[in-house]
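Source: prediction; values computed, not measured. Convention: sequence-line order gives letters A, B, ...; per-chain numbering from 1.
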There are 2 protein chains.
Amino acid sequence: MDTISVRPARIQDVAAAAGVSVSTVSNVLNRPERVNALTAERVRDAVAALDYVPHPGAAGLRTGHSSSIGLVLPDVANSFYSRIARGAADAAYDHGYSLVLCDSGDAPEREQGYFTMLVEQRAVGAVVVPLGADPTRLTRLRERGIPLVLADRAMPAQDGCSVSVDDIAGGRIAVQHLLDCGARDLLVVNGERGIRQCADRYQGARQAVRSRRAARLGQVVAEEMTVAYGMEIARKLDDLPDGVFCTNDFLAAGLCRGLGERGVKVPEDVQVVGYGDLDIASFVGTTLTTIRQPVEELGRAAVEMLLDEVEARAEHAHETRVFAPDLVLRESTRAPSAP
Amino acid sequence: MDTISVRPARIQDVAAAAGVSVSTVSNVLNRPERVNALTAERVRDAVAALDYVPHPGAAGLRTGHSSSIGLVLPDVANSFYSRIARGAADAAYDHGYSLVLCDSGDAPEREQGYFTMLVEQRAVGAVVVPLGADPTRLTRLRERGIPLVLADRAMPAQDGCSVSVDDIAGGRIAVQHLLDCGARDLLVVNGERGIRQCADRYQGARQAVRSRRAARLGQVVAEEMTVAYGMEIARKLDDLPDGVFCTNDFLAAGLCRGLGERGVKVPEDVQVVGYGDLDIASFVGTTLTTIRQPVEELGRAAVEMLLDEVEARAEHAHETRVFAPDLVLRESTRAPSAP
DNA sequence: CTGTTAGCGCCTTCAG
DNA sequence: CTGAAGGCGCTAACAG
């Protein structure tokens, strides 16, 4: 069967069918308390009978409110971002907004294209993981009347809300856990220094060690954060540490495997903590103890903060929300002894 | 700085500024050929000066056309679906449509909620990866005037377009490759029979072997398609085959690792082909030769078929497009000898 | 080639 | 508590 093009019922049709005026129908739908219960009943019957579906777009034209919010990110296919998207979609759905997916594909022109699209659509706001560090374009969007919430990026508090995960805390938790499990000769297997997340996680690791005089902390930097480099590092290690914190799960998975090939047992000889709770962490042979980042919640919170700004306007105070990562215990570390 | 609420310029303002009528402005924007070059120039200047941005929503109210298309799927955080989303977003962007992300979260009520949202928004159409097998709700959507393209699911051709990947061909290619590489004693490590994809891939594998009398094909079914089960299977294997086709990359990764622990070398002793080209395939120690599915293209094609239906209407012929998977050569198989 | 006019579907004063 | 009328921003006839 092909598409039937029955012109959908309009509010007028409902009014006629119910024997009332359009404004009464509108009231029944939007402010039921102002309408006599019986007439309301009649109207609702008519709505059902005609399969009437209101048209928020038309309403928005009148009221000035739209009901779509933008989600601008570099690449939905990347699991970190797709998890943000999931959380954002959840929240948007719960609040009756629709989420417009804007995948900039790492291309600034395209990001800009989406920005103007959002202006055209009169989106109520946008959650964005911006591409460059340059805030000019973001500011312009905001001046255009589109409130923004930044995700996973810093943002001067006065300019708007932002959400992110605390990587320093993550590093601290990871290493603290190794200490709790009895490890004292520690190694951080890190990614490039330039990556903010890596630097922060290392800083957190140092904080944890500082509180425990008796422990040592080394660091080795992997060229790329992949399983292969993790294995490589495991092979080259001279004196084995008794605890390793890898700043990403791929490195951790590779490291475990490389150690295995040398006959080193995880967690008996060396304990390992990863970071990110990627799929791989629970699929791998020795499942990884790792740091979970509440990414979905991050997306959800971003949307909710945005809606608060949109709906509260005057009373809204910008907020920089930082989420706490937490530890997922699996096989690559031993049970912690009570401190 | 806070949101400045300057009421955006309307088409009237532009008309006034340029000293012409609104319809002329509209024409300049939509059918430039019907307008004198000089007046057009004046209008464009005014547009720029006032920072005028057209309001497609209002236009749509008038024309009846909307410019948003829905993307309904079970879970964006799942990499298969997020890749579809990426392709769909690409195509939608290229054609000037906006993509509304509808993550049903595996909940039928929610999927239904999104369906009615799409009706409300008068979406021009939707790409959907439906939850259940029941086509009733889909049909209703279509009757409501929202054309559908199904992704990764079967659909009677007369009811609309669909896109999917040919799993039989995928299985055939995988095993053919093993044969080309000299393997003769083959094993399929599969998931549950009930899963259509698994059944299809096995069927493809059998087709490949049938053409080569001299080869044997066994099958073993893993309870779950994870790295851990792959390892398990590698450990339990009695007589080693010389070629293994795992119907998913997790299984393949686990298998390789399990074989490694037994001292069996990949690809020297046993060659392995995976399926899916997940991240893990290229990150793992011995990188996996695997079957790539053109998932992004699937998403892109879905949107384009949808738009064809929307724009062509009468001449549009429903199409069931099946994509061909292909082989990605990596380290877990030896170079094929010319056939 | 350009201007005038009448809605698209809805909400919202303002009267009754 | 209900109805009539105007307009949100834009396009599409139809005149000029």
Please figure out whether Val20(B) or Ala59(B) has its closest DNA chain C nucleotide nearer the 5' end.
Val20(B)

Taken to the nearest whole Å, CG/Leu61(B) to C1'/dG9(C) is 5 Å

Between Glu111(B) and Leu131(B) (side chain of the first, backbone of the second, donor and acceptor by atom type, cut-off under 3.5 Å), is there such a pair?
yes

Polar side-chain atom of Asp103(A) near backbone of Val76(A) as donor-acceptor pair, under 3.5 Å
yes

Do side-chain atoms of Arg122(B) reach the backbone of Glu120(B) as a donor and acceptor pair under 3.5 angstrom?
yes

Could you give the CZ-to-P distance, from Arg31(A) to dC10(C), as a whole number of Å?
15 Å

Backbone of Leu73(A) reached by a side-chain donor or acceptor of Ser104(A) within 3.5 Å
yes

Could Glu296(A) and Arg300(A) be called an ion pair, given the rule that one side-chain N must be under 4.0 Å from one carboxylate O?
no

How would you label the contact of Pro54(B) with the nucleic acid (heavy atoms, under 4.0 Å): base, sugar-phosphate, or nothing?
sugar-phosphate

Rounded to whole angstrom units, what separation is found between the NE2 atom of His55(B) and the P atom of dC8(C)?
18 Å

Between atom CZ in Arg34(B) and atom C1' in dT2(C), what is the gap in whole Å?
13 Å

Salt bridge or not between Asp45(B) and Arg42(B)? Use side-chain N to carboxylate O under 4.0 Å.
no

Option from Val72(A), Leu71(A), Asp152(A) for which side-chain contact (heavy atoms from CB on, under 4.5 Å) with Val128(A) holds:
Val72(A)

Integer-rounded Å distance: dC10(C) C1' and Glu120(B) CD:
13 Å

Taking only side-chain N and O atoms of Thr39(B), does any of them lie within less than 4.0 angstrom of OP1 or OP2 on dT2(C)?
yes

Pick base, sugar-phosphate or nothing for Ser23(B), based on heavy-atom distances below 4.0 Å to the nucleic acid.
base

Mapping Thr24(A) and Leu29(B) to their closest nucleotides on DNA chain D, which lands nearer the 5' end?
Thr24(A)

Rounded off to whole Å, could you give me the CZ-to-P distance for the Arg42(B) and dC1(C) pair?
15 Å

Rounded to the Å, how far apart are Gln12(A) CD and dG7(C) P?
11 Å

Within this structure, what is the CG-to-P distance between Asn27(A) and dG9(C), rounded to whole angstrom?
20 Å

N/O (side chain, Asn30(A)) to phosphate O (OP1/OP2, dC11(C)) under 4.0 Å:
yes

Could you give the start and end, 5' to 3', of the contact zone on DNA chain D for chain A, using atoms under 4.0 Å from its heavy atoms?
dC1(D) to dG9(D)

I want to confirm an ordering. Mapping Arg62(B) and Ala40(B) to their closest nucleotides on DNA chain C, which one lands closer to the 5' end?
Ala40(B)

